[in-house]
Amino acid sequence: MKRMQSKEDIIKDQYMKTLTCFLQDSTLYDCLSINNQVTVIDQSFSLFDVFNVFIESHIDEVLFWNPDVAYYDGVFTQTDLIRIILKCYQNILNGVPNVWGNNKSQVQPIMEEEDEDRTSTPVHTTQVIGQDQVNKLLIDLKTISVRDWFNSYGENLHQSSLIKAEMTDNLNDAMKKILKQGVTRIVVIESESRVIVGILQQKDILAFLVKGFSQYFHLQLSSKPHRLEVQRENNQQSEQHELEISYFSDSILLLNDKLSFDTIVYDVFYKLIYVFKRNAIPIVDINNQYLGLIDRRDFLFILKYQVYDMLHRQAIDLLNFIRIEKSKYSGFSICNKELFHMKQTLKEVVENLLLSSRGSLVCLNENKEPISTLQMSDLFKICLDDIELE
C-alpha cells in the first residue's frame with residue numbers, strides 16, 4: 001500500500017515545483033551582484049603578492065591571466081592558498097626545497113588527495129618553527145612566482161575548473177552544472193564578447209533566492225493558485241516557507257564531523273581540505289561540548305599577522321586568537337550567525353547562513369554538543385536534490 005503523503009511531504013513537493021519555476025524564470029544576469037567583481041592577476045606574481053590580494057581585497061578567488069593565449073588560465077581559491085602554505089611550511093621544517101627544477105621525476109605532489117575514509121593523522125613533524133625558518137619561508141613566498149610553483153610541481157592552473165555559463169542562461173541550468181560538476185562557483189561570460197563579467201558563488205545564488213523567491217511565490221500564488229495550492233484543514237493555502245529544516249534531518253545529521261580542542265592547527269586545516277573536505281569544523285572540549293568554529297577563511301589571520309608558529313599550536317589557541325581579533329570590530333557579534341536548530345524553517349536557515357561570517361551553521365543538542373554542521377553547499381545538495389540533472 002502506498003504511503004499517504006504527510007503535510008510536510010506536500011509542502012516540500014510544492015516548494016520544489018515553485019523553486020524550479022523560479023530558477024527557470026531567472027537568469028545569471030539577474031543574480032549578479034552590483035558589487036560582483038572579478039580580480040585578475042598575472043602568473044608572474046609572487047605567492048606572497050597573491051596572498052596579499054586575498055587579505056587586502058577580502059575575496060574568495062582570483063583568475064589568472066595567461067599572456068601566451070591572451071585569456072584566463074584558471075581560478076585560484078582560498079583552498080589553493082592553504083594547500084600551498086601547508087606544503088611550504090612542511091618543506092621548510094623538513095629542509096626540502098620549495099621549488100624543484102624542471103625535472104619532473106624529482107617532483108613530489110603539492111599534497112596527495114586523501115581518501116574520505118582516512119583515519120590516520122596527517123604526517124607532520126613536532127618541531128616548532130623558528131625565526132630563521134620563518135624568514136626562509138617569507139623569502140620563498142616573495143621570490144617564487146605562481147607560474148614557477150605550479151610548473152615545479154607539474155600542475156596546471158586548474159583550467160578545467162573554470163566552469164562557464166553565459167549570463168543569459170537561466171539559473172536552473174546553472175544549478176545543474178554546479179551540482180553535476182561538484183563545484184561551488186561558476187564563471188559568467190558575456191555572450192558576444194566572451195568577456196568574463198563575474199563569478200557566481202553558491203552564496204550569491206542563495207542571496208538572490210532570499211531576496212526574490214518570496215515575491216515570486218506570492219506572485220505565482222495570486223496568478224496561478226492551482227499550481228501552488230496545499231490543502232489544510234481550514235482550506236487555507238500553505239506558506240511554503242514554513243517547511244522546517246528538520247524535514248531534511250536524516251541527511252543533515254550525517255554532517256557531524258568535529259575535532260578536539262587539542263588538535264594541532266596544521267592538522268585542522270589539513271583535515272578540512274583533504275579528509276573532511278568541508279569549509280568549517282566545530283571544535284569541542286574534553287566533554288565534547290562546543291567551543292567554536294574554525295573555517296578555511298580563518299587561515300587568512302595566520303597570513304595577515306604572519307603568525308606561522310600558530311600552525312603547531314592547538315586549535316583552542318587559534319579560536320582564542322580569532323575571537324580577540326574579531327572583537328575589535330564593533331557590531332560583529334550582532335550581525336554574525338553561528339548556530340541553527342531543527343525547528344527553524346528552511347528560509348530562516350538560509351538567511352542565517354548568509355549572515356554567517358563562516359558560511360556555516362552548527363546545531364547543538366541539549367548538552368551543547370555539536371550534532372551537525374551545515375554549509376551552503378549542503379543546502380544545494382539536500383534541498384535541490386529533486387532538480388533533474390540529466
Side-chain angles (χ1 to χ4, degrees), residues 60 78-79 82 86 114 116-122 184 202-203 206 245-246 248-302 310-327 332-333 335-344 346 348-382:
D60 295 319
Q78 289 183 350
T79 299
I82 297 173
L86 291 181
E114 299 293 340
E116 290 186 10
D117 296 328
R118 173 186 173 121
T119 57
S120 59
T121 303
T184 60
Q202 291 178 349
K203 64 181 181 182
L206 282 178
I245 196 69
S246 59
F248 307 97
S249 61
D250 288 348
S251 298
I252 291 175
L253 292 177
L254 295 176
L255 308 170
N256 57 3
D257 296 317
K258 51 185 174 289
L259 289 173
S260 173
F261 71 98
D262 56 357
T263 305
I264 300 301
V265 172
Y266 180 99
D267 291 351
V268 171
F269 289 105
Y270 186 99
K271 290 184 176 181
L272 270 178
I273 294 175
Y274 293 103
V275 181
F276 303 135
K277 300 179 181 178
R278 306 284 291 168
N279 291 333
I281 191 77
I283 305 300
V284 297
D285 64 15
I286 194 172
N287 297 315
N288 201 38
Q289 292 188 327
Y290 179 68
L291 293 174
L293 199 64
I294 291 179
D295 86 80
R296 298 185 188 190
R297 294 188 187 96
D298 294 329
F299 201 89
L300 294 180
F301 284 104
I302 296 175
M310 182 66 72
L311 289 172
H312 261 81
R313 295 167 67 177
Q314 295 184 351
I316 187 63
D317 296 324
L318 179 59
L319 275 179
N320 291 333
F321 178 75
I322 293 169
R323 287 195 184 100
I324 292 173
E325 290 305 314
K326 290 187 174 181
S327 66
F332 175 82
S333 59
C335 64
N336 182 50
K337 301 293 183 180
E338 191 169 312
L339 302 176
F340 78 99
H341 58 81
M342 290 296 182
K343 299 302 292 182
Q344 287 181 301
L346 178 61
E348 289 173 327
V349 173
V350 171
E351 290 173 342
N352 287 339
L353 266 176
L354 293 172
L355 290 173
S356 168
S357 64
R358 274 83 182 286
S360 300
L361 297 172
V362 180
C363 183
L364 306 179
N365 63 17
E366 62 276 7
N367 297 320
K368 305 299 181 184
E369 299 170 333
I371 57 175
S372 178
T373 305
L374 192 64
Q375 58 191 41
M376 293 183 184
S377 59
D378 299 326
L379 281 182
F380 281 91
K381 294 175 184 176
I382 293 172

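We use all heavy atoms of the structure for the numbers below, so side chains are in, but hydrogens, waters and symmetry mates are not.
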Next item on the list: Could you walk me through whether Ile252 and Leu374 pass the side chain to side chain contact (heavy atoms under 4.5 Å, CB included) test, one step at a time?
Entry: CA-CA 7 Å; Ile252 291 175; Leu374 192 64; 4.3 Å; yes
Item checked: Euclidean distance, Lys368 NZ relative to Gln289 CD, rounded to 0.5 Å -> 9.0 Å
Notebook entry, point to check: Minimum heavy-atom separation for Ala280 to Gln375, with atom names?
Noted result: N-OE1, 4.0 Å
Notebook entry, point to check: Of the options Leu364, Val362, Leu253, which is the one that meets Ile371 in a side chain to side chain contact (heavy atoms under 4.5 Å, CB included)?
Noted result: Leu253
Next item on the list: Please state whether the rings of Tyr266 and Tyr270 are parallel, tilted or perpendicular, taking 30° and 60° as the class boundaries.
Entry: parallel
Note to self: Please check: side-chain N/O of Glu325 versus main-chain N/O of Ile322, any donor-acceptor pairing under 3.5 Å?
What the structure shows: no
Next item on the list: Check whether any side-chain heavy atom of Leu354 sits under 4.5 Å from a side-chain heavy atom of Lys337, and report yes or no.
Entry: no
Item checked: For Arg297, all residues meeting salt bridge (Lys or Arg N to Asp or Glu O under 4.0 Å), sequence neighbours excluded -> Asp60
Item checked: Non-hydrogen atoms of Pro282 and Leu293 that approach each other most closely -> N-CD1, 3.6 Å
Next item on the list: Measure the OG-CG distance between Ser377 and Leu255 for me, rounded to the nearest 0.5 Å.
Entry: 8.5 Å
Notebook entry, point to check: Got a second to check how far Thr263's OG1 is from Ile283's CD1, nearest 0.5 Å?
Noted result: 6.0 Å
Check: Heavy-atom distance under 4.5 Å between the side chains of Ile302 and Val265, does that happen here?
Finding: yes
Note to self: To the closest 0.5 Å, what do you measure between CG (Asp267) and CG (Leu86)?
What the structure shows: 9.5 Å
Check: Are Ile281 and Lys271 close enough, and set up right, to give a side chain to side chain contact (heavy atoms under 4.5 Å, CB included), and what steps lead you there?
Finding: CA-CA 9 Å; Ile281 191 77; Lys271 290 184 176 181; over 6 Å; no
Note to self: Side chains of Leu355 and Asn352, heavy atoms from C-beta outward: is any pair under 4.5 Å?
What the structure shows: yes
Item checked: Side chain to side chain, Arg313 and Leu318, heavy atoms closer than 4.5 Å -> no
Note to self: Can you give me the closest heavy-atom contact between Arg296 and Lys277, atom names plus distance?
What the structure shows: NH2-C, 3.8 Å
Checklist line | Candidate list Tyr274, Phe276, Phe299, Phe301, test ring pair (Phe, Tyr, Trp, His ring centres under 6.0 Å), partner Phe269, passing option | finding: Phe299
Margin query: List the residues meeting ring-ring contact (aromatic ring centres under 6.0 Å, His included) with Phe340, not counting sequence neighbours, and say none if there are none.
Written below: none
Notebook entry, point to check: What are the two closest non-hydrogen atoms of Leu291 and Ile316, and how far apart are they?
Noted result: CD1-CD1, 3.9 Å
Checklist line | side-chain contact (heavy atoms from CB on, under 4.5 Å) partners of Asn367, counting only residues at least two apart | finding: Asn365, Glu369
Next item on the list: Of all the heavy-atom pairs spanning Pro370 and Lys258, show the shortest one and how long it is.
Entry: CG-CD, 3.8 Å
Notebook entry, point to check: Distance from Asn279 atom CG to Thr79 atom OG1, nearest 0.5 Å?
Noted result: 6.5 Å
Checklist line | From CD1 (Ile264) to CD (Gln314), nearest 0.5 Å | finding: 6.0 Å
Check: Can you tell me if Arg278 uses its side chain to pair, donor with acceptor, with the backbone of Thr373 under 3.5 Å?
Finding: yes
Notebook entry, point to check: Is the side chain of Gln344 donor-acceptor paired with the backbone N or O of Val349 at a distance under 3.5 Å, no angle test?
Noted result: no
Note to self: With a 3.5 Å distance limit and no angle check, can you tell me whether Asp298 reaches the backbone of Asp295 through a side-chain donor-acceptor pair?
What the structure shows: yes
Check: Between Leu353 and Leu379, is any pair of side-chain heavy atoms under 4.5 Å apart?
Finding: yes
